[in-house]
Amino acid sequence: MQATNLAIGILCVLGGGIAAQWVAWRFRLPAIVLLFALGLIYGPGLGLLHPAAAIGPYFHPLVSMAVAFIVFEGGLALDLRQWRESGEGVLRLTAAALPINWVLGSIAAHYIGHLPWGTAWLFGAIVVVTGPTVVLPLLRHTKLRPRVAAFLRWEAIVNDPIAAILATLVLECLLLRPSHTAGMSLAAVEIGPHLLFATMFSIACGVFPAMLIKFLSARDLLPEILRIPIILAFAMGVAAFCNLIMQGAGLMAATVFGMALANLQVTGISELQRIKESLGVIVVSCLFVLLTADLQRTLLAQLSLPIMALTFTVMFVVRPLGIFLSTIGASMSWQERLFVGWIAPRGIVAAAVAGVVGLQLREAGYPGANLITPAVFALIASTMILHGFSLRPLARALRLTLSDEPALAIMGANAWSTNLARVVHDQGIPVLLVDTYAPALNKAAKLGVPILSAELLSDAGQESLEERPADYLIAATPDAIYNGLVCARMAPDLGRQRVFQVSPGIARLDLYHGLSRDSRGKVLGEPGWNFSMIDSLYAQGWRFASHTMRADMGEEQLLQGPAMLFMIIRKGTAIWICSAEDAIPAEAAAGDIIIRLVPPDAAAARPPAGQRGVMPA
C-alpha cells in the first residue's frame, strides 16, 4: 500500500510538474503559476498529497537542500562583469532596499495585519526576499533588456540567502526574549553583528572549495568523470555544513560557491551549467508542487481581511516605496525603477522559511504566530499570479523588452548571407549578421542590417549576443567544421532544432561515417546545397526574394520553377528554416512570408509599387 502511494505521489509531482512546465512553454504562460495551481489541486483540493505527513521530519531538511541547489544554480549565473555594468543599481537593490523593505514590511504587518511587533518583525524579514525560483523562470520566458534582467537576477539570488539568515536571526532573538514586543533595538544590538558574522562565514565557506576546485583542475588532479559529481557534492556539502552553524547560512554559502566557480573561470563549468539547468527545472517543479500541496485547508481558512489588506499593502506600497527610496540618485531610469518596484514575486525560500519559523514561533507561544504562514502564502500566491502575468505586458509598455518577433542570427558575412540578412531585415524580422572579420560586415552595415563583430565561441561573443538574443541560427561560413562547432555551442541555448549550417557535403552527412549530429547543426536546405553551390549561384545572378503567401495559393505554386525555398516566417510566432532533416516539412499558410533564392530573371522582376512582397499567382 505504501509503495502504491509512493508511486502515485511520484507520478503526481514529477509527471504533473514537468507537464505544467511544457504547457507553460508551449503557450507562453508563467510556469510558476501552473505549478502553484497544481499543488493546490493535489493538496487542499483533492487531498491526494500530504508531503510533510508522508516524509515526516525529513521534509523540511530536504526542502532546504533542494533550495540550496537552486541558489547554487543561480550563483553560477552571477558574472561580476554584469555587476560592473549595472553595479550601482544592484548594490542599491541588495544593500539598501533590503533593510528598508524589512522595516516598512514590519510596520505594515503590525498596523495593517494586526500582528504583534515580534511576529511583525519576523514577517517583514521573510517577505524581503524575491526568490530566484520564481524570478529566473520568468526571465527565461521574457526578452528583457540585459540591464533590467541583471537587476532582477542579482537581487533575487543575493537577497534570497540574506533574507533566510535574517529571518532565522529574528526568530532566535524572539525566542530568547521574554517580551513579545521587540523594538528597533532588535536590529542594532542583536541582529546586526550576527548577520555580519553569518555572511562572512558563509562567504569563506563558499570561496574556499571553489578555489580548491580551481587548484585541482589546473594540476590535472580532477578526472572528467568526477568533475561534476565533486562540484555538486561540494555545493550540497557547504550548504549542509553552514546550516549546522546557523540556519539559512547554507543558502549563502551555496550561492557564493556557484558565483566563485563562475568567476574563477574553472574549466568544465559549461558542462555543469547544462546539467544544472535541467536539474533545476525538475527541482523547481517538484518543490513548488510539494510545498503548495502541503498547505492545509485550515490554514487557507485563516485568510482574513487584515491579511489580504497586508498582502496588497506589501505589493502596492511597501515594495514600490522601498525601491523608490533606495534608488534615489541612482543611474536607473524611471522606467527601470517602476518595473523593479512592481516585479517582486516570492517563491520557495519564503514558503520554506515561513513553514519552519512559523511552527517554532507557535510552539513558543507567541501571539499571532499562527498567522505567519497564511500571511506569507497569501503574498506568495498573489505575487506569483499578478507579477507572473503582468511582467511581460508591463515590460513591453515601459519599452524594457527586446522585440517579440522571432530573431535570426547568421554567422558568416559573405555576399549571399548578406543578401539573405537584408531580405529578412526588410520584412521587419530581427536579424543579426555575425562575423569575426569586421570589414566583411561593412556592406551589411551600409544596408542597415544589424551586425556584430565577435567570435561566438568566446565568452565575449556570448555576452554580446545576449544583448540581442537570437532564437534561430544559421552558420554560413565556408568552413564546415567551424559551422559545426558554432552550432554545437549554440544548440543547448537555442535548441537543436533551431541551429542550422550550410551542408558540409553529402558524404559528411552520413550518420555513421560522417559528422556526428551532436557536433553540427541541421543541414540548411538539401544536402547538395553546400557553400560553394550557393555562392556560385549568387555569382550567376541568383538573389534572395521575399513573398507573402496568399490564401488562394497551393504548395505546388510555391515550389514551381527553379527557385530554392529557404525559410517560411510567421510573424510573432516562428521561423521555419527548411532542411532535408526535417521530420515534418514546414507548410506555409496565408500571410506567411516566404524567403527563396530565385534565378536572375525572377530576381530582376519587381512587383508594381504598392504590391511589393505579394507573390504572383
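Numbers for residues simply follow the sequence, beginning at 1.
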What's the separation between atom [atom1] in [X] and atom [atom2] in [Y], rounded to the nearest 0.5 Å?
X: L338; Y: M332; atom1: CG; atom2: CE; result: 10.5 Å
X: W342; Y: L394; atom1: CH2; atom2: CG; result: 8.5 Å
X: I380; Y: F377; atom1: CD1; atom2: CZ; result: 5.0 Å

For the side chain of [X] and the backbone of [Y], is there at least one donor-acceptor N/O pair under 3.5 Å apart?
X: H387; Y: A344; result: yes
X: R346; Y: V127; result: yes
X: S326; Y: A96; result: no
X: T292; Y: V289; result: no
X: R319; Y: V340; result: yes
X: N243; Y: G250; result: yes
X: H110; Y: P116; result: no

Inset, instruction - Check the angle between the aromatic planes of F257 and F72 and answer parallel, tilted or perpendicular using the 30° and 60° thresholds. - result: parallel

Legend entry - Parallel, tilted or perpendicular, as decided by the 30° and 60° cut-offs, for the rings of W22 and W25: tilted

Would you indicate whether the side-chain heavy atoms of [Y] and [X] approach each other to under 4.5 Å?
X: I126; Y: L379; value: no
X: W334; Y: L398; value: yes
X: I213; Y: L264; value: no
X: L386; Y: F312; value: yes
X: Q335; Y: R399; value: no
X: I328; Y: R337; value: yes

Give every donor-acceptor pair under 3.5 Å between a side-chain atom in residues 30-46 and any protein atom, sequence neighbours left out.
residue : atom : partner : partner atom : Å
Y42     : OH   : C12     : O            : 3.1

Inset, instruction - May I ask you to check whether W102 and F123 place their ring centers less than 6.0 Å from one another? - result: no

Residue pair [X] / [Y]: nearest heavy atoms and the distance that separates them:
X: A260; Y: A210; value: CB-CB, 3.4 Å
X: T311; Y: A375; value: OG1-O, 4.3 Å
X: L76; Y: A262; value: O-CB, 3.4 Å
X: V318; Y: G105; value: CG1-N, 3.7 Å

Legend entry - With F324 via ring pair (Phe, Tyr, Trp, His ring centres under 6.0 Å) - residues at least two apart: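 If we apply the ring pair (Phe, Tyr, Trp, His ring centres under 6.0 Å) test to F324, skipping adjacent residues, there are no hits.
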
Legend entry - Crowding at CZ, F316 (>12 non-hydrogen neighbours, <6.0 Å):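 More than 12 within 6.0 Å, yes.
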
Inset, instruction - Answer yes or no: are there more than 12 heavy-atom neighbours, outside F208 itself, under 6.0 Å from its atom CZ? - result: no

